[in-house]
Protein chains: 2
Amino acid sequence: MSGFQRYKKILDLFSEERSSWTVLEISKSLKTPSSTIYRIVREMVTAEFLESASGSYFRLGPAFIKFNRIITFSDPLVRAGQPFLKKLANENPITSVNVLARLYGNNVMCVADYKSPTFKKNTSYQRGKLMPLIYGATSKAIIMQITGKRLENLINLENFKSDEHKTNFLKELKNDRKKGYCFTEGQVDKGLIGFAVSISNKKLGIVASLSSIFNLDDFLLEHEPIIYANLTTYGLLVEKYINEIFDDIQKYHHETNSIR
Amino acid sequence: MSGFQRYKKILDLFSEERSSWTVLEISKSLKTPSSTIYRIVREMVTAEFLESASGSYFRLGPAFIKFNRIITFSDPLVRAGQPFLKKLANENPITSVNVLARLYGNNVMCVADYKSPTFKKNTSYQRGKLMPLIYGATSKAIIMQITGKRLENLINLENFKSDEHKTNFLKELKNDRKKGYCFTEGQVDKGLIGFAVSISNKKLGIVASLSSIFNLDDFLLEHEPIIYANLTTYGLLVEKYINEIFDDIQKYHHETNSIR
DNA sequence: ATAAATTTCTCATAAAATGAGAATTATTAA
DNA sequence: TTAATAATTCTCATTTTATGAGAAATTTAT
């Protein structure tokens, strides 16, 4: 264990299911002497990446809330897209969950979501949640932007049920790429359907998607054109705003650099 | 620079105002050779605490979104209080921002907020935001729970305008402690007033507050009793739920320990 | 295609992390 | 309160890792 890994390994123990750990538990889990873990944990508490809770338990610290906030208020994709999610929800013909997701390393992560107040079911689409790479329209509208070697690498990390499954997936991807949008049914959550369009910005290295998720029960065929129209319109708007934000950032850096 | 500090110092450069940095900029700013920074940044990108953006810029990475999510879904205070903020907003006689904040190290941080849809002004009360320790009802309802040496230490970190200011603050604190709630006017944002009650849980080491912020212009004296009644009721409810969550956690750890 | 900027690599040296166990401090129970 | 136990910090010799200067390679811009 060395470098940042030393700290990362500890943080990675914390999850929704298990959000507090004692030093001894960490020590056992990582097979590392407790005197070492005590030292490391103390460091991380000082840095506010962990905080000591009751008993001798430790929890994730406030640093994550702080930095998350900075991202929310400065990430180009979130800044550009967040305000449109609610509008999209309001203009959709039926109650929906609307999601901005992007490729982060080898994962798709939801970075912003807005659920209509009337949407009842709990969904897997929530900010911060990692999504499966090969299931759901949200992810497909992201993967379909990737080609060549990069696509191959990503795909190879996934567990397909069979070779046929894989071939089919790639075929669908090609089709979706032509159509410019994705549709899936029940791939992530039972009883839900998803529609998605791609969002990207080369200069900022953003590979993302905008999607609307509906209850299958609410859905009628006549809704489809409106849904696609909405997604396409807002998708383009988001891209436009990302560009504007990019220009702002450029300008800002230019200024601060010339001042220096 | 050693240990976690090495990484923390880099992360601390990132802010809402300046959310992307090049290695060279970091290197200059921290007065550390760029070959060293390149190595460290690479590590952090691998760990998803940073991500490379356009040009040669780096941004905060997805790890923060992920861990923030884990906190949101597992932090006892957030879990217990979040669902009540909207209810509180709906029951308040006038449009409001409702806030859960807690003491984190030597800072007060907002950990959840709900703004009535009709509330127009932008406020400083947003999840993840660090609040001034000695201004605003939100913070006072937190500080007033602290006594003795700990209070002295906290207070000594603050810049009071004068000795009188400090004495007054401590006097007010005593008063508020007796009354059981706090009120301030325009201390954090001009034109806004705040009401707050304390929330705490010794076993979990939580020192927090629940507060409602209103436009001064909307406020009438007759609203006051309702506001206090709401805050008190919901404050107690939140504490009750924190206790229940605590019991759940205890039970969970008991189970996982005995299985092991 | 060339120049410039960015990033990685190498390696000797300096610095820091490690872990066993002792010492101290908190917590719990009698 | 006291005794017992658990949690945390400390110490230090040893091992491991980080450092930084500059060369080399790669990427990006002209």
Side-chain angles (χ1 to χ4, degrees), chain A residues 1-11 13 20-47 49-59 61 105 148-150 201-205 246-247 249-250 253-254 256-258 260, chain B residues 1-11 13 20-47 49-59 61 105 148-150 201-205 246 249-250 253-254 257-258 260:
Chain A
M1 233 195 330
S2 81
F4 196 69
Q5 258 324 90
R6 183 166 55 238
Y7 305 99
K8 179 85 181 332
K9 267 200 177 163
I10 292 179
L11 292 174
L13 291 173
S20 46
W21 289 76
T22 66
V23 168
L24 245 50
E25 288 167 349
I26 297 173
S27 154
K28 269 184 192 169
S29 185
L30 300 183
K31 295 184 181 59
T32 306
S34 57
S35 61
T36 302
I37 301 292
Y38 270 114
R39 193 162 351 93
I40 298 179
V41 165
R42 197 176 344 136
E43 268 189 279
M44 294 174 84
V45 170
T46 306
F49 277 66
L50 290 178
E51 64 164 351
S52 74
S54 70
S56 38
Y57 283 93
F58 291 86
R59 275 201 301 262
K149 196 81 192 162
R150 176 103 180 81
N201 187 300
K202 251 199 167 166
K203 291 175 288 179
L204 283 168
F246 175 78
D247 291 342
I249 296 174
Q250 291 283 81
H253 280 138
H254 213 273
T256 47
N257 281 342
S258 41
R260 194 207 314 128
Chain B
M1 236 195 328
S2 81
F4 197 68
Q5 257 326 90
R6 182 168 54 237
Y7 306 99
K8 180 85 183 331
K9 268 200 178 163
I10 292 179
L11 293 174
L13 291 174
S20 47
W21 290 75
T22 66
V23 169
L24 245 50
E25 287 167 349
I26 296 173
S27 155
K28 270 184 193 169
S29 185
L30 301 183
K31 295 183 180 62
T32 305
S34 57
S35 61
T36 302
I37 301 293
Y38 270 114
R39 193 165 347 94
I40 299 179
V41 165
R42 201 183 332 143
E43 268 189 278
M44 294 174 85
V45 170
T46 306
F49 277 65
L50 289 178
E51 64 164 354
S52 73
S54 69
S56 38
Y57 283 93
F58 290 87
R59 276 201 301 260
K149 197 81 194 160
R150 177 103 180 81
N201 187 299
K202 252 200 166 167
K203 292 175 289 181
L204 282 169
F246 175 78
I249 296 174
Q250 291 283 81
H253 280 138
H254 214 272
N257 281 341
S258 42
R260 196 207 315 130

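Proteins come first, then strands; the chains are lettered A, B, ... in the order of their sequence lines, and each starts at number 1.
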A:Ser34 to A:Ser27 - nearest heavy-atom pair and separation: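 Heavy-atom minimum between the residues: N-OG, 3.6 Å.
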Spacing of B:Ile37 atom CD1 relative to C:dT6 atom P, expressed in whole Å: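 Between P of C:dT6 and CD1 of B:Ile37: 15 Å.
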Donor-acceptor contact present, side-chain B:Thr46 to main-chain B:Arg42, <3.5 Å: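 Such a contact is found between B:Thr46 side chain and B:Arg42 backbone.
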Donor-acceptor contact present, side-chain B:Trp21 to main-chain B:Arg59, <3.5 Å: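 Checking the backbone N and O of B:Arg59 against the side chain of B:Trp21, no donor-acceptor pair under 3.5 Å is found.
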Parallel, tilted or perpendicular: ring planes of B:Phe4 versus A:Phe4, cut at 30 and 60 degrees: parallel
Look at all strands and tell whether [X] reaches a base, only sugar-phosphate, or nothing, counting heavy atoms closer than 4.0 Å.
X       : result
A:Arg39 : base
A:Gly55 : nothing
A:Thr32 : sugar-phosphate

Whichever of A:Phe4 and A:Arg42 has its nearest DNA chain D nucleotide further upstream toward 5': A:Arg42
Toward the 5' end of DNA chain D, by each residue's nearest nucleotide, A:Arg6 or A:Ser35: A:Ser35
Base-paired stems that DNA chain D participates in, counting runs of 3 or more Watson-Crick or G-U pairs under 3.5 Å: C:1-30 with D:1-30
Phosphate OP1/OP2 of C:dT18: any A:Thr36 side-chain N/O under 4.0 Å: no
Gap between atom CZ of B:Arg6 and atom CD1 of B:Ile37 - 0.5 Å precision: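 Between B:Ile37 CD1 and B:Arg6 CZ, I get 10.0 Å after rounding to 0.5 Å.
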Among [options], find the nucleotide with the atom closest to the side chain of [X].
X       : options               : answer
A:Tyr38 : D:dA7, D:dG20, C:dT18 : D:dA7
A:Tyr7  : D:dT8, C:dT6, C:dA17  : C:dA17
A:Ile40 : C:dT7, C:dT18, D:dG20 : C:dT18

Non-hydrogen side-chain atoms of B:Leu13 and B:Phe58 separated by less than 4.5 Å: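 Not in contact.
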